[in-house]
Number of protein chains: 2
Amino acid sequence: MSRDHSHLFSDLTPLQQDLVYELRQNSARAVMLHQLISEKLGLNATDHKCLDFLNRTGPVTAGQLAELTGLTTGAVTNVIDRLEQAGYVVRDKDPKDRRRVVVKPAEGSSSRISPQFESIMQSTLQILSRYDEEQTRLILEFIRLCNDMTLAEMEKMKNQP
Amino acid sequence: MSRDHSHLFSDLTPLQQDLVYELRQNSARAVMLHQLISEKLGLNATDHKCLDFLNRTGPVTAGQLAELTGLTTGAVTNVIDRLEQAGYVVRDKDPKDRRRVVVKPAEGSSSRISPQFESIMQSTLQILSRYDEEQTRLILEFIRLCNDMTLAEMEKMKNQP
DNA sequence: AAATTTATCTTAATCGGTTAAGATAAATAA
DNA sequence: TTATTTATCTTAACCGATTAAGATAAATTT
């Protein structure tokens with residue numbers, strides 16, 4: 001069950017190493033789970049991600065969707081093609097600016113998707129209910145620190161050759 | 001700065017919703033950071049991931065590498081082609097079983113890579129040092145619960161039409 | 001031992017993403 | 001107002017992952 005995850009992190013206590021390992025695992029599994037849910041919906045992960053944004057934000061232009069998701073506009077064009085094909089979204093020309101393509105969720109799109117999340121929501125709720133407010137706050141702060149750190153490190157890397 | 005992440009999770013307290021949001025962010029950023037590091041090394045993310053495994057485990061067969069990384073054997077063949085080309089690994093036939101291809105890190109492969117992680121290691125250490133053992137244990141347990149949950153949910157989904 | 005089955009890796013076809021060039025519409029300048 | 005520049009989306013060429021079929025070696029059966 002246990003593996004050697006000492007790798008480079010030998011300054012950490014075993015407990016800390018375990019934590020680092022689980023955090024990695026967490027990211028990897030999140031990606032896999034998302035992938036799986038998408039498959040269940042008959043979509044690829046990217047299309048699903050875009051549809052998810054769309055259902056949250058309501059109608060956006062193709063360009064905005066690209067920015068929201070971090071995809072290229074070229075990729076987004078194909079995403080919209082496929083989602084439109086599958087009946088999840090509708091494409092419209094913006095009458096105010098006819099260069100723009102406005103994408104909006106098709107009728108009932110959201111309700112076709114949410115059932116897949118019921119169980120996960122329940123399980124999440126169950127885990128979270130084990131912690132009181134102070135503990136939750138502690139965990140939240142930790143994850144935030146990690147996220148801030150990651151962002152900072154990415155910036156640092158970009159500003160290096 | 002803040003966005004609407006209530007989406008489906010309306011049974012959660014605002015604090016809990018924030019936590020769920022940060023956890024998602026965490027996964028997304030981890031993927032992006034990994035991507036960035038790989039680019040710095042002149043590799044794509046997949047090749048880097050494989051090389052990382054290889055440097056930790058030592059020589060493995062192509063099939064084992066596929067299993068370790070969750071890639072298909074077809075993808076692994078290409079990964080090895082590129083890593084060999086770039087001088088990071090060496091390909092050998094297993095003399096005991098000549099169907100098998102044994103892949104091992106090339107001389108000095110590990111040391112060509114680790115410098116990119118120095119800063120991240122430092123920052124990680126700094127975050128972790130803010131927490132005492134009990135707190136660390138709490139966080140670790142939480143992440144483990146999440147990981148177990150994710151795994152269980154994935155199993156559940158697979159066993160459904 | 002020869003024939004069949006199984007295991008391992010590679011190859012080929014397809015799919016989806018990126019980058020960069022192209023088409024069309026709006027904004028700006030002459 | 002016409003010409004140029006800028007903005008937005010689409011298209012085309014390329015790259016890497018997946019799936020499935022193919023090649024080769026080992027194991028098993030007869």
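To find a chain, count down the sequence lines: A is the first, B the second, and so on, and within it residues start at 1. These numbers were taken from a predicted model, which means no experiment stands behind them.
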Heavy-atom contacts under 4.0 Å between residues 80-99 of chain B and DNA chain D, which residues?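 Under 4.0 Å from DNA chain D: B/R82, B/D97, B/R98, B/R99.
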
Closer than 4.0 angstrom, basic N to acidic O: yes or no for B/R137 and B/E133? yes

Is the phosphate of D/dT18 approached by B/N78 (side-chain N or O, under 4.0 Å from OP1 or OP2)?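 For B/N78, the contact criterion (side-chain N or O under 4.0 Å from OP1 or OP2 of D/dT18) is not met.
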
Between B/T46 and D/dG16, is there a contact of a side-chain N or O with OP1 or OP2 at under 4.0 Å? no

What is the nucleic acid contact for A/G63, judged by heavy atoms within less than 4.0 Å: base, sugar-phosphate only, or nothing? sugar-phosphate

Can you say whether the rings of B/F142 and A/Y131 are parallel (under 30°), tilted (30 to 60°) or perpendicular (over 60°)? perpendicular

For residues A/S119 and B/K156, report the shortest heavy-atom separation together with the two atoms involved. OG-NZ, 2.9 Å

Tell me: CG of A/N44 to P of D/dA17, nearest whole Å?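 A/N44 atom CG is separated from D/dA17 atom P by 16 Å.
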
Taking the six-membered ring of A/Y21, is NZ or CZ of A/R24 closer than 6.0 Å to its centre and within 45° of its axis? no

Nearest-0.5 Å distance, CD of residue A/E141 to CD of residue B/E22: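 Rounded to the nearest 0.5 Å, the CD-CD separation comes out at 11.5 Å.
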
Value rounded to 0.5 Å, distance of CD in A/Q116 from CG in A/L36: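 The CD atom of A/Q116 sits 9.5 Å away from the CG atom of A/L36.
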
First-last contacting nucleotides on DNA chain C - partner chain B, under 4.0 angstrom, heavy atom: C/dA7 to C/dT11

Return the 5'-most residue of the pair A/A45, B/A75 with respect to DNA chain C, ranking by each residue's nearest nucleotide.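 Counting from the 5' end, the first nearest nucleotide belongs to B/A75.
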
With salt bridge (Lys or Arg N to Asp or Glu O under 4.0 Å) as the criterion, how do A/R144 and A/D148 come out once you've worked through the C-alpha distance, each side chain's angles and the decisive distance to 0.1 Å? CA-CA 6 Å; A/R144 276 214 176 112; A/D148 292 349; over 6 Å; no

With A/S27 as reference, evaluate B/N26, B/L33, B/L23, B/V31 under the side chain to side chain contact (heavy atoms under 4.5 Å, CB included) test and give the passing residue.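 When side chain to side chain contact (heavy atoms under 4.5 Å, CB included) is applied between A/S27 and each of B/N26, B/L33, B/L23, B/V31, only B/N26 qualifies.
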
